[in-house]
Amino acid sequence: MRLHTREWGTGDRLAVLVHGIMTDHRTWHELAPVLTGRGYRVLAVDLRGHGASARGAYAPALFAEDLLDTLPRHPELALGHSLGALALALAVEELAPARAVYSEPAWRLSGSEGGLDPAFFTLFKRSPDLLTSFSRPRDGTRTGTQSAPGGDTRAGTRTDTRTDTEAGTRTGTQAGTRIDTGAGTEVSTALSSAADRRLSVERQALDAWDENTALALSAHRLVDHTPKRAVVPSLVQVSDPSTLVSAQGRAELVRRGFEVRTVPDAPHAIHRDRFDAFVASLSGWL
């Protein structure tokens with residue numbers, strides 16, 4: 001199946017982006033200008049059952065086949081999140097990117113402890129307000145455990161990226177900034193407006209999503225799709241805590257030739273809720 005795609009930029013290098021379940025190409029609206037600013041032409045797909053792509057049967061192998069039917073071979077960068085990382089891993093050998101990035105890969109659909117069921121995500125379709133409760137504060141809007149538009153007027157940013165290396169060492173940097181502008185109302189209003197716009201885009205993507213993808217993936221939840229080796233230079237980006245990649249799993253990925261970087265205090269959709277930390281953890285891979 002040829003997928004609907006969105007293209008940004010006209011650079012000489014090609015980056016391809018593959019979203020996770022329930023969303024579509026719009027999830028990359030912040031990353032796209034970062035990449036085009038680095039000389040990339042960016043192609044983002046809508047997986048089957050998502051966005052403007054067609055519906056059909058759903059299975060991990062079919063998501064991967066669609067990528068191969070749609071995307072040019074040998075892109076400079078291929079990046080997939082969650083379900084998109086699963087599809088990318090199954091297609092990567094033939095797609096043959098120069099570099100691959102797997103952000104919070106759903107290689108075990110049941111999670112690292114085996115307790116997840118993709119069918120759970122159908123609840124979001126029935127109750128879109130759950131998107132708000134499952135969204136974490138953005139960089140610069142750290143107000144608690146949930147997004148709270150119009151909340152704390154003291155904006156702060158934090159970057160703390162840990163790298164697991166083959167030698168088992170860890171390096172980390174942390175920077176904290178507290179901004180007291182004296183214009184808290186204006187800052188709060190701007191953050192609230194940005195959060196409202198983001199939630200509106202996410203709900204549009206949710207409306208366009210076929211929940212049968214989640215029901216079909218439930219049948220594959222006990223299959224371990226973790227790659228046996230990194231067939232191209234590959235980064236695995238993991239949130240902390242992560243329900244998909246355990247500490248033991250990270251060590252095993254390093255053994256299989258992957259670089260693993262952990263973003264502490266990050267939710268599953270790192271690029272959505274901790275964008276600055278997301279980009280920082282991709283240093284050297286973009």
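Counting from 1, the numbers follow the sequence of the chain as shown.
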For the residue pair V18 and W28, what are the closest heavy atoms and their distance? O-CZ2, 3.5 Å
Output every pair passing ring-ring contact (aromatic ring centres under 6.0 Å, His included) with a member in residues 75-96, not counting sequence neighbours, ordered by first then second residue. H81-H268, H81-H271
Side-chain contact, heavy-atom cut-off 4.5 Å: S218 with F120? no
Look at the side chain of D46 and the backbone N and O of A52, then say whether any donor-acceptor pair between them is shorter than 3.5 Å. yes
S283 and R261: which non-hydrogen atoms are nearest, and at how many Å? O-NH1, 2.8 Å
Pairwise distance CG(D12) to CD(E76) - rounded to 0.5 angstrom: 10.5 Å
Drop me the distance from S103's OG to L17's CG, to the nearest 0.5 angstrom. 11.0 Å
Do the side chain of S53 and the main chain of H4 share a donor and acceptor less than 3.5 angstrom apart? yes
Any I270 side-chain heavy atom under 4.5 Å of S239 side chain: yes
Test side chain to side chain contact (heavy atoms under 4.5 Å, CB included) applied to F278 and D273, step by step: CA-CA 9 Å; F278 171 77; D273 294 319; over 6 Å; no
Given side chain to side chain contact (heavy atoms under 4.5 Å, CB included), test L77 with L35 step by step and report yes or no. CA-CA 10 Å; L77 172 70; L35 294 176; 4.2 Å; yes
Is it true that R250 and E252 have a side-chain N and a carboxylate O under 4.0 angstrom from each other? no
So do the side chains of V101 and L286 get within less than 4.5 Å of each other, counting heavy atoms only? no
At their closest point, which heavy atom of S82 faces which heavy atom of G20, and how far apart are they? CB-CA, 4.3 Å
Qualifying residue, where the test is side-chain contact (heavy atoms from CB on, under 4.5 Å) with Y102 and the options are L86, V92, L79: V92
So, using side-chain contact (heavy atoms from CB on, under 4.5 Å) as the criterion, who are the partners of V223 when residues are at least two apart? H225
Do L253 and W107 touch side chain to side chain, with heavy atoms closer than 4.5 Å? yes
So, does S234 use its side chain to make a donor-acceptor pair with the main chain of V232 at under 3.5 Å? yes
Any idea which heavy atoms bring A216 and H220 closest together, and the distance? O-CD2, 3.4 Å
With hydrophobic residues grouped by side-chain heavy-atom distances under 4.5 Å, do V201 and M22 end up in a single group? no
Does any part of the side chain of P33, heavy atoms only, come nearer than 4.5 Å to the side chain of W8, both counted from C-beta? no
Shared hydrophobic cluster, V236 / V231 (ILVMFWY, side-chain heavy atoms < 4.5 Å): yes
Chi angles and distances behind the side chain to side chain contact (heavy atoms under 4.5 Å, CB included) call for W209, T23: CA-CA 7 Å; W209 169 59; T23 184; over 6 Å; no
Residues two or more places apart in sequence or in another chain: which of them pass side-chain contact (heavy atoms from CB on, under 4.5 Å) with S246? S112, Q248
Enumerate donor-acceptor pairs with a distance under 3.5 Å from any side-chain N or O in residues 37-45 to protein atoms, sequence neighbours excluded.
| from | atom 1 | to | atom 2 | distance (Å) |
| --- | --- | --- | --- | --- |
| Y40 | OH | R13 | NH1 | 3.3 |
| Y40 | OH | R99 | NH2 | 2.8 |
| R41 | NH1 | E7 | OE2 | 3.0 |

pair E211-F124: side-chain heavy atoms closer than 4.5 Å: no
SB check E202 R26 (cutoff 4.0 Å): no
So L83 and T213, do their side chains get closer than 4.5 Å, heavy atoms only? no
Would you tabulate the side-chain donor-acceptor contacts of residues 64-72 under 3.5 Å, counting partners in other chains and residues two or more places apart, or write 'none'?
| from | atom 1 | to | atom 2 | distance (Å) |
| --- | --- | --- | --- | --- |
| D66 | OD1 | M1 | N | 3.2 |
| D66 | OD1 | R48 | NH2 | 3.0 |
| D66 | OD2 | R48 | NE | 2.5 |
| D66 | OD2 | R48 | NH2 | 3.3 |
| D69 | OD2 | M1 | N | 2.8 |
| T70 | OG1 | L3 | N | 2.9 |
| T70 | OG1 | D66 | O | 2.8 |

Not counting sequence neighbours, list each pair that qualifies as a salt bridge (Lys or Arg N to Asp or Glu O under 4.0 Å) and has a residue in residues 101-116. R108-D224
A61 to L90 - nearest heavy-atom pair and separation: N-CD1, 4.1 Å
L244 and G111: which non-hydrogen atoms are nearest, and at how many Å? CD2-CA, 3.9 Å
Could you check F258 against R229 for side chain to side chain contact (heavy atoms under 4.5 Å, CB included), going step by step and ending with a plain yes or no? CA-CA 8 Å; F258 295 86; R229 62 186 178 90; 5.8 Å; no
H19 and H50 aromatic centres sub-6.0 Å: yes
Single-linkage hydrophobic cluster, 4.5 Å side-chain cutoff, L62 and L217 together: no
Side-chain contact test, heavy atoms from C-beta onward, threshold under 4.5 Å: evaluate it for R221 versus L116 and give yes or no. no
Same cluster or not: are L47 and L215 linked, directly or through other Ile, Leu, Val, Met, Phe, Trp or Tyr residues, by side-chain heavy atoms under 4.5 angstrom apart? no
